[in-house]
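Report on the structure given below.
Letters A, B, ... are given to chains in the order of the sequence lines, protein chains preceding strands, and every chain is numbered from 1.
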There are 2 protein chains.
Amino acid sequence: MIEQQELFVKMATGAWDTYVKRTTALLQKLSNEALSAPTAPGRNTGTYILGHLIAVSDGMLPLFGFGDKLYPHLEHIFLANPENAGLEKPSLNELREQWAQINSKLKTTMDALTPQEWFSRHNAVSAEDFAKEPIRNKLNLLINRTNHLSYHLGQMIFLS
Amino acid sequence: MIEQQELFVKMATGAWDTYVKRTTALLQKLSNEALSAPTAPGRNTGTYILGHLIAVSDGMLPLFGFGDKLYPHLEHIFLANPENAGLEKPSLNELREQWAQINSKLKTTMDALTPQEWFSRHNAVSAEDFAKEPIRNKLNLLINRTNHLSYHLGQMIFLS
């Protein structure tokens, strides 16, 4: 059964890796000019979505118990406020670098988790609530984050 | 350990249910007129994406061993050809009904699968290949299909 646990971890982390790779491939294809355009008239730019994805991935570090965020200042710009709040954004070159860094950091730390650790609670749920709802584990968070990533990739593809 | 197997299934099917619900809620909010517009200039209409999602979900029936497709004629229009091929599409009222039907059928049949069956091969992989790659199971297919659905939901939201 340990084998099956490992298999399930491989399924969920494999899906995450796939969508990170697809997003990275799209980013490499897009110039900074293309990326800074709205994904559709009146909708978020590629820049905002990229910053938003970095901020969400960065938030996974403390949720997974991997330490502090690398880029805590992104939360205010890309999570707490919508793009039309008009806040100044980091340059696309900085964001591209941060996208690479956060994914590399997540990959290294996620690769070191045992299946048992994947099925332990993430830090947004209390030990008490987790006892009642064991579904609120780290791996389930990753499954949700993968769907969030693919949702926004579907939008960024409109820039290509 | 049966318990943990059940937990995996609950995680993956729960994510699927969530995105089906979100998509259904968006469809209910959108008029036929709104849905028939392009999601962005020069991109697929909501009609095409809805037909595409129905066709993909319909394809899960034979892949899961649940019997034949309900709407095999959708494959030619929404999978084998892009929207700009200019093929005649079913009406939005028909598509809305088919979306409800295929989800209801999938839900009933998926609810009846045991965890063991979820980890068995889907019908696009041979028994030989599956022995080498047990990751190619039904549950993994569902995880991938959920990401596919959320990808297109991210686009359809532009119609709202």
Side-chain angles (χ1 to χ4, degrees), chain A residues 1-23 26 37-44 46 49 52-53 115-116 118-120 130 133-160, chain B residues 1-23 26 37-44 46 49 52-53 115-116 118-120 130 133-160:
Chain A
M1 277 304 145
I2 285 292
E3 217 175 87
Q4 199 153 45
Q5 245 193 347
E6 275 174 12
L7 186 62
F8 194 73
V9 170
K10 205 172 148 191
M11 286 156 62
T13 57
W16 170 258
D17 290 344
T18 295
Y19 277 88
V20 168
K21 263 183 215 154
R22 285 183 189 172
T23 306
L26 176 64
T39 46
R43 302 289 169 169
N44 289 325
I49 294 177
H52 176 73
L53 291 174
Q116 209 52 49
W118 272 116
F119 283 93
S120 66
F130 184 67
E133 298 181 277
I135 201 170
R136 299 174 71 180
N137 56 57
K138 295 184 176 75
L139 200 60
N140 203 34
L141 191 87
L142 186 73
I143 290 173
N144 294 334
R145 290 296 186 269
T146 308
N147 282 311
H148 175 258
L149 173 56
S150 63
Y151 179 95
H152 288 298
L153 177 60
Q155 300 173 335
M156 284 207 290
I157 203 84
F158 284 173
L159 299 171
S160 67
Chain B
M1 276 304 142
I2 285 293
E3 217 175 87
Q4 196 153 45
Q5 252 193 342
E6 277 174 10
L7 188 63
F8 305 155
V9 171
K10 206 172 145 191
M11 287 158 63
T13 56
W16 170 258
D17 289 345
T18 295
Y19 277 88
V20 168
K21 265 184 214 151
R22 286 183 189 172
T23 306
L26 176 64
T39 46
R43 302 289 169 168
N44 289 326
I49 294 177
H52 176 72
L53 292 174
Q116 210 48 52
W118 272 115
F119 281 93
S120 68
F130 183 67
E133 297 181 279
I135 201 168
R136 301 175 71 179
N137 55 59
K138 295 184 176 73
L139 200 59
N140 201 34
L141 190 87
L142 185 72
I143 291 174
N144 294 333
R145 290 296 187 267
T146 308
N147 283 312
H148 176 258
L149 174 56
S150 64
Y151 179 95
H152 287 299
L153 177 59
Q155 300 173 336
M156 283 206 291
I157 203 83
F158 285 172
L159 298 171
S160 68

Handout entry: Sub-4.5 Å side-chain heavy-atom contact between A:N140 and B:K10
Key = no
Fill in the blank from the handout: Rounded to the nearest 0.5 angstrom, the CD-CD1 distance for B:E6 and A:I135 is 11.5 Å
Completion exercise
Here the gap from B:Y151 atom OH to A:Q155 atom CD, rounded to the nearest 0.5 Å, amounts to 10.5 Å
Practice task
Check whether any side-chain heavy atom of A:L7 sits under 4.5 Å from a side-chain heavy atom of B:N137, and report yes or no.
Solution key: yes
Handout entry: chain B interface, residue from A:G42, A:P134, A:G14 that has the most non-hydrogen pairs under 4.5 Å
Key = A:P134
Exercise for the section: Might you point out which heavy atoms bring A:S150 and B:N147 nearest each other, and give the distance in Å? Expected result: OG-O, 3.2 Å
Handout entry: B:T39 to A:A40 - nearest heavy-atom pair and separation
Key = O-CB, 4.2 Å
Completion exercise
Max heavy-atom pairs within cutoff under 4.5 Å with chain B, candidates A:Y19, A:F119, A:F158, goes to A:F158
Completion exercise
Taking every heavy atom of B:R43 against every heavy atom of A:L159, the minimum-distance pair comes out as NH2-N, 4.5 Å
Practice task
Sort out for me which of A:I157, A:L149, A:N144 touches chain B most, counting heavy-atom pairs under 4.5 Å.
Solution key: A:I157
Practice task
Please work out whether the ring planes of B:F8 and A:F8 are parallel, tilted or perpendicular, with thresholds of 30° and 60°.
Solution key: parallel
